[in-house]
Every structure is written in structure tokens, then in C-alpha cells.
Amino acid sequence: MPKEYRTISEVAGPLVLIRGVDDVAYNELGEIELRNGEKKRCRVLEVNGTDVLVQLFESSTGINLSDSKVRFLGKQMELGVSEDMLGRVFDGLGRPVDGGAPIIPEKRMDVNGTPMNPAARLYPQEFIQTGVSAIDGLNTLVRGQKLPIFSASGLPHAELAAQIARQAKVRGSDDKFAVVFAAMGITFEESDYFVKSFKETGAIDRTVMFTNLANDPAIERIATPKMAMTAAEYLAFDRGMHVLVIMTDITNYADALREVSAARKEVPARRGYPGYMYTDLASIYERAGRQYEKNGSITLIPILSMPEDDKTHPIPDLTGYITEGQIILSRELYRKGITPPIDVLPSLSRLKDKGIGEGKTRADHSNTMNQLFSAYARGKECKELMVILGEAALTDIDKLYAKFAEAFEQEYVSQGNYTDRSIEETLDAGWKLLSILPRSELKRISDEFLDLYYIEK
């Protein structure tokens, strides 16, 4: 029987200080029993001699300093895992919230995980088809990659997240594909949208959902991504599945981290966030990847809304350092009615070259990708000149580039939230647009592909 302590000396928000405690470790779970028998879960944040600071998973209402009892459980936070998790919805602490029975676990896993040995990592190199042309064609997602989506408040990142979760697949593979979806600090309406969206399309059957609502405690928000990565590690490395983990919104997670850090009176760093935020984010992101001699993989798409649309804000800034690129959503494109409003020029997938080409997508993919980038960049410049100097100041070829840029946004980038394009459809759409330009302008494509795919006007 765990030893009981009645030595609570201070309660400050989600933090409780207990004195005279012995033999307790960092991150160990505990429970506080109130006078009426109600129990509140907590975990150890700090040990200073015999003084222990714990963090509550719920509100501190009702805790009486003299009557409440504290027990430490001798274990860290764990998640009971099994394949029965697929098709289920859990809260941020891994408890079912879909009205179904609790999971009978095959095993229990520490949610903090263990770091993946860098020498055991396999290089990501297999194409994942999301069905979204702006990603598949120009900023390709590769199995085992970490590719964040940088959004802003009011932009439809939730719809894009749901679309990728519904449509994503590894082509040419018979291995099982699963999605782990973690939502942090979202409203009930958003949570309901995700659940309904997955149920309507049948995607729920291959999805494990963790939802932490905006009115749930901050500490639960901090646990949510760890729960999701633990479920993903089980499905990928114990069950050999290809797992796509989508997390939204990392900004809410970082704000919860800041809230707890402020409650602990830690010295703040940039914008009030704790100095260890880089390490904390890395401890989540770096759990994704592939391992030697294991079929499964974890591919991660964290979604974060940039405060004030600022790419240099600490959250997107640090995320960009840890991950392999970024997909950026544009407010300007959103105003023009482009869905999804992906701004392809500042977006980047650092591993895209590894997942495209003969045997993966199509031999002409690399050439057409480079040509589309080049033509769209010049087309945007021509459109800006047209605004300043008027159409008469442009040459005939400049007018063609401006026409190309407009068609590119309307036909290639904008495809709606329910269109699932195969990579062949995406590449063919690219060739149709490139045919707006004279063949002599397509200097980044080899003649063999021009002979095969270029459509003479």
C-alpha cells in the first residue's frame, strides 16, 4: 500500500507543494484524496530534498490543506495500448470519450517514450499521397518525415488537417495504414467536426483520436501529444503499420507549457515561453521516423497557428529548426477563395527529392515541379508589375506568365476540401498549365518529357 501524506503546505493554481516526502521520483504519478473521497490525479514536477511540487491534471477546487491525503503510485504516466484503439475517440489523458467500453490493453507504455537511436533511423524515402496537389506535386510528403503546416488564426487549417487524414495513403504497399489524430485546446464544435468528418467517410475505422478541449486543464493539453505519439509508436513499431500523426494546434500546446512554467515562477525566455520549449518540442517531434528492421513508420504533420501571422514567433521558429520543412497557408490566397490556401513559394519539403521519380511517383515529377515553381514565381512578379505599371507595360510573354500564375492558383492549388487527386492527376494538371507557355520557355524540363507530355496549342 503506498504511503499516505497529509503534509500539503501550499496550493497555487495547478501546483501543490507537499513537505516531508521521501523516495519519490520526477514525473511519478500521484493522487490526492479529498475529504469526500474524490481523487485528483497529479504528477511530480520537482523534488527538492523532502519537498515535492506536483502538478494537477484537473482543477484544485476542494483541496483542503489539513484534510487531503496524498499518495504516490511509484510509476510514470502510462497508456494502455491495443489494436482496438483504432476507430476510438479518447480525451487528452487516454480515457475513452466516445461512449464505448474502456480498452483492454495488450501492454502499457510510458507516455514519455524513449529517444530513437539516431543510428537506428532509416532515411525517409517513400512517397505518401495526401491527395492535395500543392503538397504532392510541389512539397512532397515522405514516409517518416516531420512536415509542419504553418497557419494563422481564421485560416482553414482544421479542414486541411481533416482532408489529409481522410485521404492519405502509401501507394504500392499492402502494409496497414493508420492515422493518429491529436487535437489540443480546440472548441467542442471543432472536435465534433473532426469526429463527424471521419465517420462520414469511414476514415474513423483506421484512426485513433485524442481530443483535448479548450476548457480542459492545461496539464492535460501537455499530455495529449505524448499520448498520441505513444499510440503511434505501438501501431508502427509493434504492429508494423504506416502511421500518420496529425497534431493541431501546437500553439495551444506551447501556451499550456507557458502557463505551467509561469505558475512555477520560472524565468521566462522569448515572449514569455520557457527556455526549454525547444527541447520540449523536440522530445515530441523526434519520436517520428523509421527504424531499421521494422516495417512500420511514423510520419508527423504538426499544425500550428502563427500568432499575428509571424513566422519568426518562437513556436513556428523553433518548429522549423526541428522539422524537415513547412507548408505555409496564405491569408491573401484565402481572401481570393483558394481552397486550401497553400502558398507554395515559401513552403518547403526538405525531403521531397527523396520521395519522387521513377518507381515512386513518375519520372517527369522532378522536372515539372521545378518548372512550375519557376513559372509561378515569374508569373507573380508579372502580376505585381501589371498592378503598378498597367497591362500595356508588359511584353506578350509576361502576359502569358501572369495568365499562368492566375490559372495555377485557381486550377492547381485550389481543389476544395473533398477532392482527392492521385499523383498522376496532379502531374497531368501541371502539364496542362505549362502548356499555356511556349515550349521554348520550359527550360527546366528535358526534351524527352516535353515530347511525351507537352500539349501544343
Side-chain angles (χ1 to χ4, degrees), residues 130-140 152 155-156 159-160 163 309 327-349 352 356 361-457:
T130 64
V132 179
S133 291
I135 297 176
D136 292 349
L138 301 172
N139 292 291
T140 314
L155 296 187
E159 288 82 352
L160 179 59
Q163 183 175 9
D309 299 16
I327 303 293
I328 295 180
L329 301 192
S330 157
R331 203 175 284 284
E332 182 191 344
L333 291 178
Y334 180 59
R335 287 196 193 105
K336 289 168 73 172
I338 306 295
T339 307
I342 295 173
D343 194 349
V344 298
L345 292 181
S347 296
L348 168 71
S349 168
K352 64 186 174 191
I356 62 175
T361 52
R362 207 166 73 184
D364 60 311
H365 192 157
S366 181
N367 279 199
T368 53
M369 176 179 72
N370 293 333
Q371 189 64 64
L372 285 167
F373 267 125
S374 171
Y376 180 52
R378 181 167 169 189
K380 283 193 81 172
E381 285 175 10
C382 293
K383 283 173 71 179
E384 285 165 13
L385 277 174
M386 198 188 292
V387 170
I388 298 163
L389 303 174
E391 194 172 335
L394 298 187
T395 64
D396 288 342
I397 194 70
D398 284 344
K399 287 175 189 170
L400 280 179
Y401 272 107
K403 179 185 173 187
F404 169 87
E406 190 61 37
F408 177 81
E409 289 174 0
Q410 297 293 341
E411 296 171 29
Y412 192 93
V413 178
S414 187
Q415 64 178 74
N417 290 127
Y418 293 92
T419 305
D420 184 0
R421 289 183 185 161
S422 69
I423 187 60
E424 288 78 17
E425 288 173 317
T426 290
L427 292 170
D428 291 344
W431 276 107
K432 182 185 168 195
L433 289 166
L434 289 172
S435 298
I436 292 171
L437 303 170
R439 179 168 171 154
S440 58
E441 288 293 313
L442 307 183
K443 298 182 177 70
R444 295 171 184 266
I445 303 179
S446 63
D447 286 337
E448 61 168 312
F449 297 133
L450 287 169
D451 293 341
L452 268 174
Y453 299 109
Y454 183 73
I455 306 157
E456 294 280 359
K457 292 276 173 103

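Fair warning: this is a prediction, and the values are worked out from it, not measured in the lab.
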Requested in this report: Apply the test side-chain contact (heavy atoms from CB on, under 4.5 Å) to residues Q163 and Q415: give CA-CA distance (whole Å), side-chain angles for both, the deciding distance (0.1 Å), then the verdict.
Outcome: CA-CA 11 Å; Q163 183 175 9; Q415 64 178 74; 3.8 Å; yes
Taking [X] for the side chain and [Y] for the main chain, is one N or O donor matched with an acceptor at less than 3.5 Å?
X	Y	value
S414	E411	no
N367	S446	yes
S435	Y454	no

Any side-chain heavy-atom pair of [X] and [Y] under 4.5 Å:
X	Y	result
R439	D451	yes
L333	I342	no
I445	D364	no

Residues 386-397, side-chain donor-acceptor partners within the protein, below 3.5 Å, at least two apart:
from	atom 1	to	atom 2	distance (Å)
T395	OG1	D398	N	3.2
T395	OG1	D398	OD2	3.3

Report task. Decide, yes or no, whether a salt bridge links E406 with K383 under the criterion of side-chain N to carboxylate O below 4.0 Å. Result ->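 Counted as a salt bridge, because a side-chain N and a carboxylate O are separated by less than 4.0 Å.
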[X] [atom1] to [Y] [atom2] distance, which is reported to the nearest 0.5 Å:
X	Y	atom1	atom2	value
I436	E441	CD1	CD	13.0 Å
L434	Y453	CG	OH	13.0 Å
S440	L450	OG	CG	10.5 Å
T130	I423	OG1	CD1	8.5 Å
K432	Y412	NZ	OH	13.5 Å
K352	I135	NZ	CD1	12.5 Å

For [X] versus [Y], what's the shortest heavy-atom pair and its separation?
X	Y	answer
L138	M369	O-SD, 3.7 Å
P341	P156	CD-CG, 3.8 Å
A134	V413	CB-CG1, 4.5 Å
G131	D136	N-OD2, 2.9 Å

Report task. Mind checking ring-ring contact (aromatic ring centres under 6.0 Å, His included) for F449 and listing every partner two or more places apart, or none if nothing turns up? Result ->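 With sequence neighbours excluded, F449 shows a ring-ring contact (aromatic ring centres under 6.0 Å, His included) to no residue whatsoever.
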**Report entry** Cation-aromatic face contact R444/F373, 6.0 Å, 45 degrees
**Finding:**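 Ring-cation test returns no.
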Requested in this report: Could you verify whether a donor N or O on one side chain and an acceptor N or O on the other, from S133 and R421, lie under 3.5 Å apart?
Outcome: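 Per modelled atom types, S133 and R421 side chains form a pair under 3.5 Å.
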Report task. Please name the residue in the list E409, Q371, E381 that meets the side-chain hydrogen bond (donor to acceptor under 3.5 Å, both in side chains) test with Y376. Result ->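 Single pass found, and it is E409.
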Report task. Step by step, work out the salt bridge (Lys or Arg N to Asp or Glu O under 4.0 Å) result for R331 and D343. Result -> CA-CA 9 Å; R331 203 175 284 284; D343 194 349; over 6 Å; no
